[in-house]
Amino acid sequence: MSVLIFAELDEGKLKKSSQEAIFYGSKVAGMLGTSATAVVIGAADQNELATAGRFGATKVLHAADAKLNEVNGMAYASVVAAAAQQEGAKVVVLAKSSLGDAMAARLAGKLKAGLAPNVIDLPDLSNGFRVKTSIYTGKAFAYNELKADVKILAIKKNTIAPEETDATASVEAFTPTVADSDFVLKVTNTEKATGDILLPEADLVVSAGRGLKGPENWGIVEDLAKALHAATACSKPVSDLDWRPHHEHVGQTGIKVSPNLYIAAGISGAIQHLAGVNSSKVIVVINKDPDAPFFKSADYGIVGDVFEVLPKLTKAVQALN
Amino acid sequence: MKILVCVTSVPDTTTKITFTDNNTKFNKAGVQFITGPYDDYALARAVELKEKLGASVTVFNVGEADAEPVIRKCLAIGADDAIRVNAEPIDAYFVAEQIAAVAKETPYDLILMGRESIDYNGGQVHGIVGELLGIPSISPVMKLDIDGTTAKMTREIEGGKEDIEAQLPLVLGCQEPIAEWKIPNMRGIMTARTKPLKIVQPAGQDSLTTVASYELPAPRGSVKMIPADEAETLITLLRTEAKVI
Ligand SMILES: Cc1cc2nc3c(=O)[nH]c(=O)nc-3n(C[C@H](O)[C@H](O)[C@H](O)COP(=O)(O)OP(=O)(O)OC[C@H]3O[C@@H](n4cnc5c(N)ncnc54)[C@H](O)[C@@H]3O)c2cc1C
Ligand SMILES: Nc1ncnc2c1ncn2[C@@H]1O[C@H](COP(=O)(O)O)[C@@H](O)[C@H]1O
């Protein structure tokens with residue numbers, strides 16, 4: 001028996017959210033008196049894979065079949081299910097992401113597992129197996145009792161801060177058979193922003209709303225984001241108006257983020273917007289209207305014109321660096 | 001073509017969430033229930049496909065009798081009939097089992113859902129249904145066209161999107177801009193009253209998870225205001241006080 005963690009790669013490197021998942025999994029393994037094994041799928045360098053040890057995994061199963069190089073939720077779920085079987089894993093941990101969510105569901109179907117989406121804390125094992133999850137788009141929490149033999153935990157970003165050691169994990173090739181029926185989707189075109197910091201992974205986010213007046217003004221948002229090494233985000237009307245791409249829109253009907261810092265410029269703070277950002281550690285609001293509802297949910301606020309305030313902040317960050 | 005659209009009845013997005021019975025029950029008092037916003041996109045696209053290709057659209061819900069206003073509204077928007085599994089939707093697996101049971105009896109070419117429900121936000125039901133039926137599940141789908149037995153879709157991925165082709169049958173989790181939300185018209189509302197709504201008992205009783213209790217988030221501390229002409233002190237505070245940069 002061991003705790004199994006699916007660790008996702010981005011351009012051959014373990015994603016930061018997956019490092020968190022590995023660390024989380026190793027903590028759960030500790031609570032259960034067992035070890036943590038990570039499964040990694042796709043091309044990656046052996047040294048990179050061994051770094052899973054720094055976050056607490058003792059072993060890495062590496063599925064490197066060329067067929068798996070293209071990200072494929074169904075095939076990846078089959079690989080992880082096979083790994084869970086081989087390792088006799090009763091707990092499977094993965095980081096929430098578009099891939100992680102798709103895999104968690106297919107896995108739950110395969111393993112008839114109890115699934116906790118949006119996990120935000122370590123489990124409580126004193127009375128069964130309980131985990132705290134975020135529900136109603138961050139407006140409340142639930143303590144879920146997982147009753148099935150196999151448990152799947154999809155953890156939100158910032159659930160746990162990994163402590164690194166200098167341990168390395170042993171790496172084993174893993175070659176399960178994956179059915180052809182997992183390869184029936186034909187991806188005919190992919191458009192992906194390169195070089196940008198992925199919003200769901202970002203520690204710092206600079207977000208802007210209709211107060212920016214038009215897409216031509218986004219330069220001042222991007223400048224601050226760049227100075228901070230932050231990702232950019234926006235409110236729903238901004239993506240509806242095509243000022244920004246849809247994948248940047250946060251809120252109830254968009255991406256849910258939980259960064260360390262969320263800066264909102266020219267966003268009024270509608271409840272549907274707050275729903276996507278309310279689990280951020282620190283929220284900064286910049287709005288020219290002192291009565292903007294967002295100030296009620298902020299940690300720091302500036303009443304002012306974004307066109308003056310944002311460049312000032314950018315300068316201050318540059319001065320600091 | 002036969003389309004099944006799975007819808008949730010959820011608290012309006014502006015609802016302030018509270019609990020009763022020592023934080024073990026959601027407090028429904030005074031709460032306005034709506035169709036899950038993502039489910040609404042799924043339904044809107046289903047109705048468009050029906051108009052274009054002549055499909056039949058069945059609305060499906062696992063829920064108690066208080067979900068019926070939402071189901072009737074879906075019928076008013078253009079679905080042909082509805083099935084309600086009379087049970088509390090305990091968890092995603094349970095809901096998925098109900099959908100799979102119905103789909104095994106009557107094969108559907110497309111099972112459309114929302115990308116996620118806005119109560120539990122799992123985004124899980126479509127994947128489990130896909131697995132239980134042995135067919136692909138794709139989410140979040142922003143564009144869907146049907147060409148014979150091929151579906152052509154655009155799916156959002158982190159930092160972008162991809163175009164996908166696949167053969168029916170499929171399970172899809174939908175999101176904007178797949179279609180514009182539809183508002184029922186008077187004629188729709190009238191005809192919805194007589195459209196068939198079948199109530200069935202749940203198949204299987206697998207509940208793999210239960211909620212022991214709920215909790216509300218602690219309120220944020222009060223906001224610290226910084227004068228606009230001293231905006232740069234914010235950056236200092238973020239480093240020295242909040243320690244986030
Ligand atoms: C079912 C449903 C789901 C929704 N989901 C989402 C969602 O996921 N995400 C989301 O964001 N919204 C969502 N919305 C929309 C939401 O209700 C708000 O309409 C939206 O968030 C408002 O966006 P905004 O703050 O950018 O624009 P506005 O509300 O127009 O606010 C603009 C703000 O900018 C300020 N401003 C203007 N000029 C300046 C300036 N020069 N300097 C400083 N400040 C300035 C104004 O004072 C104002 O507060 C949803 C709505 C519904 C009904
Ligand atoms: N009780 C339910 N009845 C019918 N469909 C549901 C139910 N719960 C979830 N779904 C469908 O599954 C989608 C994803 O839900 P979830 O996995 O809960 O986020 C929703 O958008 C609905 O389309």
Side-chain angles (χ1 to χ4, degrees), chain A residues 74 97-98 101-102 104-106 108-110 114-115 117-118 130 135-137 139-148 184-193 196 198 200 204 228 246-247 252-253 260-261 271-272 281-282 284 295 297-304 309 312-313 316-317 320, chain B residues 11 13-14 17 37-38 92-93 96 118-124 126-128 130-132 134 136-139 142 156-167 175-176 207-217 220-221 223-226 228 231-232 234-235 237-239 242 244-245:
Chain A
M74 286 190 283
S97 70
S98 38
D101 286 348
R106 300 281 317 192
K110 283 181 203 290
L115 167 61
N118 293 309
R130 267 185 203 181
I135 56 170
Y136 293 107
T137 337
K139 290 185 207 168
F141 305 116
Y143 290 90
N144 291 69
E145 175 88 45
L146 305 189
K147 297 185 298 189
V184 292
L185 301 186
K186 215 168 92 200
V187 176
T188 54
N189 184 38
T190 305
E191 281 169 42
K192 197 170 167 176
D196 287 4
L198 284 178
L204 310 174
L228 284 168
H246 188 273
H247 63 256
Q252 180 129 28
T253 50
N260 293 333
L261 174 64
I271 190 162
Q272 296 96 349
K281 265 194 200 143
V282 173
V284 172
F295 285 120
S297 308
D299 300 290
Y300 297 96
I302 298 178
V303 176
V309 174
K312 261 193 205 165
L313 296 180
V317 175
L320 205 64
Chain B
T13 54
T14 56
I17 305 293
Y38 292 113
Y93 196 93
I118 63 163
D119 43 10
Y120 288 93
N121 308 112
Q124 299 297 342
H126 24 79
I128 304 175
E131 195 61 43
L132 295 180
S137 52
I138 305 165
S139 179
M142 316 168 74
E156 186 164 285
I157 53 174
E158 273 161 24
K161 53 191 178 184
E162 62 187 16
D163 297 333
I164 301 178
E165 284 184 21
Q167 293 303 305
Q175 75 172 23
E176 74 215 336
S207 126
L208 304 174
T209 69
T210 48
V211 174
S213 65
Y214 298 100
E215 191 180 282
L216 291 173
R220 256 174 213 277
V223 53
K224 188 177 246 180
M225 297 304 292
I226 295 151
E232 39 315 313
L234 170 71
I235 300 302
L237 288 171
L238 290 176
R239 172 155 293 183
V244 287
I245 62 171

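Numbers restart at 1 for each chain; the letters A, B, ... are given by sequence-line order, proteins then strands. We use all heavy atoms of the structure for the numbers below, so side chains are in, but hydrogens, waters and symmetry mates are not.
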Checklist entry - Quick one: are Y300(A) and V223(B) in side-chain contact, heavy atoms under 4.5 Å? => result no
Item to check | Under 4.5 Å from any heavy atom of chain A - which part of Q167(B) | outcome: neither
Checklist outcome for this item: Of Q175(B), E162(B), Q124(B), the largest count of non-hydrogen pairs under 4.5 angstrom with chain A goes to Q124(B)
Next on the checklist: Looking at every non-hydrogen atom in both residues, tell me the closest pair between I118(B) and Q252(A) and how far apart they are.
Outcome noted: CD1-NE2, 3.4 Å
Checklist entry - If you count heavy-atom pairs under 4.5 Å between each of P37(B), P217(B), P11(B) and chain A, which one has the most? => result P217(B)
Item to check | Reported CD1-to-CD distance for the pair I157(B) and E191(A), which is rounded to 0.5 angstrom | outcome: 9.0 Å
Checklist entry - So, for V309(A) and A231(B), which heavy atoms are closest and what is the spacing to 0.1 Å? => result CG1-CB, 4.1 Å
Item to check | Contact origin within A242(B) toward chain A - heavy atom pairs under 4.5 Å | outcome: both
Checklist outcome for this item: Counting heavy-atom pairs under 4.5 Å with chain B, the top scorer among L204(A), V184(A), L185(A) is L185(A)
Item to check | chain B contact via L115(A) - which portion, at a heavy-atom distance below 4.5 Å | outcome: both
Item to check | Part of N118(A) within contact of chain B (heavy atom distance under 4.5 Å) | outcome: side chain
Checklist outcome for this item: Ranking S213(B), G134(B), A212(B), A92(B) by heavy-atom pairs under 4.5 Å to chain A gives rank one to S213(B)
Checklist entry - Is the closest side-chain heavy-atom distance between L234(B) and V284(A) below 4.5 Å? => result yes
Next on the checklist: Set out, in order, the CA-CA distance, both residues' side-chain angles and the distance that settles salt bridge (charged side-chain N to carboxylate O under 4.0 Å, His left out) for D299(A) and K224(B), then state yes or no.
Outcome noted: CA-CA 6 Å; D299(A) 300 290; K224(B) 188 177 246 180; over 6 Å; no
Item to check | Toward chain A, the part of A96(B) with a non-hydrogen atom under 4.5 Å | outcome: neither
Item to check | Nearest atoms (heavy-atom pairs only) where A316(A) meets E232(B) | outcome: CB-CB, 3.5 Å
Next on the checklist: Contact between F295(A) and M225(B) at the side-chain level, heavy atoms closer than 4.5 Å - yes or no?
Outcome noted: yes
Checklist outcome for this item: Rounding to 0.5 Å, atoms CG (L216(B)) and OH (Y136(A)) come to a distance of 11.0 Å
Checklist entry - Out of curiosity, I245(B) CD1 to N260(A) CG, how far, rounded to the nearest 0.5 Å? => result 11.5 Å
Next on the checklist: Can you tell me which of K192(A), E145(A), K281(A) forms the most heavy-atom pairs within a distance under 4.5 Å of chain B?
Outcome noted: E145(A)
Item to check | Residue part contacting chain B, namely of I302(A), when any heavy atom lies under 4.5 Å | outcome: both
Checklist entry - L198(A) versus chain B, heavy atoms under 4.5 Å apart: side chain, backbone, both or neither? => result side chain
Item to check | Which of T137(A), T190(A), N189(A) touches chain B most, by non-hydrogen pairs under 4.5 Å | outcome: N189(A)
Checklist entry - With a 4.5 Å heavy-atom cut-off, do Y38(B) and T253(A) have their side chains touching? => result yes
Next on the checklist: Would you say H246(A) and E156(B) are linked by a side-chain donor-acceptor pair, where the criterion is simply a distance under 3.5 Å?
Outcome noted: yes
Item to check | Nearest heavy atoms of G109(A) and L132(B), plus distance in Å | outcome: O-CD2, 4.3 Å
Item to check | Atom pair CD1/NZ of I128(B) and K110(A) - distance to nearest 0.5 Å | outcome: 12.5 Å
Item to check | Nearest non-hydrogen partners of P200(A) and E158(B), listed with the distance | outcome: CG-CG, 3.7 Å
Item to check | Flag for S137(B)-R106(A): side-chain donor and acceptor within less than 3.5 Å | outcome: yes
Item to check | Engaged part of A102(A) at the chain B interface, taking heavy atoms whose separation is under 4.5 Å | outcome: neither
Next on the checklist: Hydrogens and angles aside, do E165(B) and T188(A) bring a side-chain donor and acceptor to less than 3.5 Å of each other?
Outcome noted: no
Checklist outcome for this item: Rounded to the nearest 0.5 Å, the NZ atom of K312(A) sits from the CD1 atom of I235(B) at a distance of 12.0 Å
Next on the checklist: Less than 4.5 Å apart, side chain to side chain, heavy atoms only: is that true for I164(B) and K186(A)?
Outcome noted: no
Checklist entry - Counting heavy-atom pairs under 4.5 Å to chain A, which of G123(B), S139(B), G130(B) comes out on top? => result G130(B)
Item to check | chain B interface, residue from V187(A), N144(A), L146(A) that has the most non-hydrogen pairs under 4.5 Å | outcome: V187(A)
Item to check | Heavy-atom closest contact (G304(A) atom, A228(B) atom, distance) | outcome: CA-CB, 4.2 Å
Checklist entry - Heavy atoms, side chains only, cut-off 4.5 Å: are K147(A) and T210(B) in contact? => result yes
Next on the checklist: I want to check something: taking the side chain as every heavy atom from C-beta on, are L238(B) and L261(A) in contact at a cut-off of under 4.5 Å?
Outcome noted: yes
